[in-house]
Amino acid sequence: MDLNKLSLHNQEIAWAVLEDTQVVRLWEEIGAKVNLVGSLKSGLLMKHRDIDLHIYTDELSISDSFAVMAKLAEHPRIQDVTYRNLIRTEEACIEWHAWYEENNRDRWQLDLIHIRKGSLYDGVVERVTDAVVRKLTPETKEAILRIKYELPEEVGFSGLQVYRAVLTGGARTSREFWEWNEKNPFVGNVLDWRP
């Protein structure tokens, strides 16, 4: 199987989902700055159909956040929406997840993290994503895509775990991924890691 071709195919669909939902425009209408992060931005999207957006505003208004999500929820392909208020935590954010059903079969998860500008995590994931992209080679990209393809989704792993095992630990297979992660558990905040 051509994993690069599969990844590119999934990226095309993800971009179509963003275009169809107009989710970026909806947030920008309230003055938010929207940043694409994660596997779509890095070109490492594989089986897990998720799109990660970090959304920044000067203040976190629950009513503004809900207003945007109400508009998004009106889209006929949005099937579910969840909300989590983390305003009074160190994350200083409102966490939204919405599920988009593509052609009555595949579901895409939109991870929409509404963050207060200037908070502790402002720009952190963007910097990690950019660092991963800078370190990719054709060999490491192939290894990451292969590991992501081979790992069962129900196991529950993060893309950062895979990137760390490949770019720091030299893993090239899913077996090496498991062995390296078992011997090198992450201590502290995974977002502190840079390749």
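Residue numbers count from 1 along this sequence.
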Peer 1: Could you list the residues that satisfy salt bridge (charged side-chain N to carboxylate O under 4.0 Å, His left out) with Arg84, not counting sequence neighbours?
Peer 2: none
Peer 1: Tell me the closest heavy-atom pair linking Ile55 and Ala32, and the distance in Å.
Peer 2: CG2-CB, 3.6 Å
Peer 1: Under a 4.5 Å cut-off applied to non-hydrogen side-chain atoms, are Glu28 and Val34 in contact?
Peer 2: yes
Peer 1: For residues 110-119, dump all side-chain donor-acceptor pairs below 3.5 Å to protein atoms at least two apart in sequence or in another chain.
Peer 2:
from   : atom 1 : to     : atom 2 : distance (Å)
Asp111 : OD1    : His97  : ND1    : 2.6
Asp111 : OD1    : Gln109 : NE2    : 2.5
His114 : ND1    : Ser65  : OG     : 2.9
His114 : NE2    : Thr57  : OG1    : 2.8
Ser119 : OG     : Arg116 : O      : 2.8

Peer 1: Check whether Val37 and Ile144 end up in the same hydrophobic cluster, where Ile, Leu, Val, Met, Phe, Trp and Tyr are linked by side-chain heavy atoms less than 4.5 Å apart.
Peer 2: yes
Peer 1: Can you measure from CG (Asn184) to CD (Gln161) and round to the nearest 0.5 angstrom?
Peer 2: 12.0 Å
Peer 1: To the nearest 0.5 Å, what is the distance between CD1 (Ile147) and CH2 (Trp178)?
Peer 2: 10.5 Å
Peer 1: Using every non-hydrogen atom in the two residues, find where Ala98 and Met69 come nearest and quote the distance to one decimal.
Peer 2: CB-CE, 4.3 Å
Peer 1: Honestly curious: do Val125 and Phe186 fall in one hydrophobic cluster under the side-chain, below-4.5 Å linking rule?
Peer 2: yes
Peer 1: Please tell me if the side chains of Leu72 and Val81 come closer than 4.5 Å, counting only heavy atoms from C-beta onward.
Peer 2: no
Peer 1: Could I get the full list of side chain to side chain donor-acceptor pair (under 3.5 Å) partners for Asn35, not counting sequence neighbours?
Peer 2: Lys33, Glu126
Peer 1: Of all residues at least two apart in sequence or in a different chain, which pass the side chain to side chain donor-acceptor pair (under 3.5 Å) check with Glu91?
Peer 2: Thr89
Peer 1: List in chain and number order the residues that pass side chain to side chain donor-acceptor pair (under 3.5 Å) with Arg77, two or more places apart in sequence or in another chain; answer none if no residue qualifies.
Peer 2: none
Peer 1: Report yes or no: does Lys148 contribute a side-chain atom to a donor-acceptor pair with the main-chain N or O of Leu44 at less than 3.5 Å?
Peer 2: yes
Peer 1: To the nearest 0.5 Å, what is the distance between CD1 (Ile13) and CD (Glu102)?
Peer 2: 4.5 Å
Peer 1: Any heavy-atom pair between the side chains of Trp15 and Leu40 that's under 4.5 Å?
Peer 2: yes
Peer 1: For Thr168 and Trp193, what are the C-alpha separation, side-chain angles and deciding distance, and is it a side chain to side chain contact (heavy atoms under 4.5 Å, CB included)?
Peer 2: CA-CA 10 Å; Thr168 300; Trp193 171 77; 3.0 Å; yes
Peer 1: Just list the side-chain donor-acceptor pairs under 3.5 Å for residues 131-138, sequence neighbours left out, or say none.
Peer 2:
from   : atom 1 : to     : atom 2 : distance (Å)
Thr137 : OG1    : Glu139 : N      : 3.4
Thr137 : OG1    : Thr140 : N      : 3.1
Thr137 : OG1    : Thr140 : OG1    : 3.1

Peer 1: Hydrophobic clusters join Ile, Leu, Val, Met, Phe, Trp and Tyr when side-chain heavy atoms are under 4.5 Å apart, directly or via other members; which others share one with Leu86?
Peer 2: none
Peer 1: Does Asp80 have any side chain to side chain donor-acceptor pair (under 3.5 Å) partners at least two apart in sequence or in another chain, and if so, which?
Peer 2: Arg107
Peer 1: What are the two closest non-hydrogen atoms of Leu145 and Ser7, and how far apart are they?
Peer 2: CD2-OG, 3.9 Å
Peer 1: Per the salt bridge (charged side-chain N to carboxylate O under 4.0 Å, His left out) rule, what does the pair list look like for residues 65-74, sequence neighbours excluded?
Peer 2: Glu29-Lys71
Peer 1: Could you name each residue pair satisfying ring pair (Phe, Tyr, Trp, His ring centres under 6.0 Å) that touches residues 116-169, not counting sequence neighbours?
Peer 2: none
Peer 1: Sequence neighbours left out, what pairs pass salt bridge (charged side-chain N to carboxylate O under 4.0 Å, His left out) with at least one residue falling in residues 44-56?
Peer 2: Arg49-Asp106
Peer 1: Do Ser39 and His48 have side chains that get closer than 4.5 Å, going by heavy atoms?
Peer 2: no
Peer 1: Could you report the tightest heavy-atom contact between Ser174 and Glu150, atom names first, then the distance?
Peer 2: OG-OE1, 2.8 Å
Peer 1: Are side-chain heavy atoms of Glu59 and Asp64 found at a separation under 4.5 Å?
Peer 2: no
Peer 1: Starting at CZ of Arg172, measure out to CZ of Arg146 and round the result to the nearest 0.5 Å.
Peer 2: 12.5 Å
Peer 1: List the atom of Pro76, the atom of Gln79, and the distance in Å for their closest heavy-atom pair.
Peer 2: O-NE2, 3.4 Å
Peer 1: Going by heavy atoms in the side chains, are Ile87 and Ile62 under 4.5 Å from each other?
Peer 2: yes
Peer 1: Could you tell me if the side chain of Leu36 sits less than 4.5 Å from the side chain of Leu53, heavy atoms only?
Peer 2: yes
Peer 1: Not counting sequence neighbours, list each pair that qualifies as a ring pair (Phe, Tyr, Trp, His ring centres under 6.0 Å) and has a residue in residues 52-86.
Peer 2: Phe66-Tyr83, Phe66-Trp96, His75-Tyr100, Tyr83-Trp96
Peer 1: Kindly give the heavy-atom pair with the smallest separation between Leu45 and Ala14, and that separation in Å.
Peer 2: CD2-CB, 4.0 Å
Peer 1: What distance do Leu6 atom CG and Met46 atom CE have between them, rounded to the nearest 0.5 Å?
Peer 2: 5.0 Å
Peer 1: Same cluster or not: are Leu167 and Trp180 linked, directly or through other Ile, Leu, Val, Met, Phe, Trp or Tyr residues, by side-chain heavy atoms under 4.5 angstrom apart?
Peer 2: no
Peer 1: Under a single-linkage definition using a 4.5 Å side-chain heavy-atom cutoff for Ile, Leu, Val, Met, Phe, Trp and Tyr, are Leu26 and Trp108 assigned to the same hydrophobic cluster?
Peer 2: yes
Peer 1: State, yes or no, whether a side-chain contact exists between Val166 and Glu176 at a heavy-atom distance under 4.5 Å.
Peer 2: no
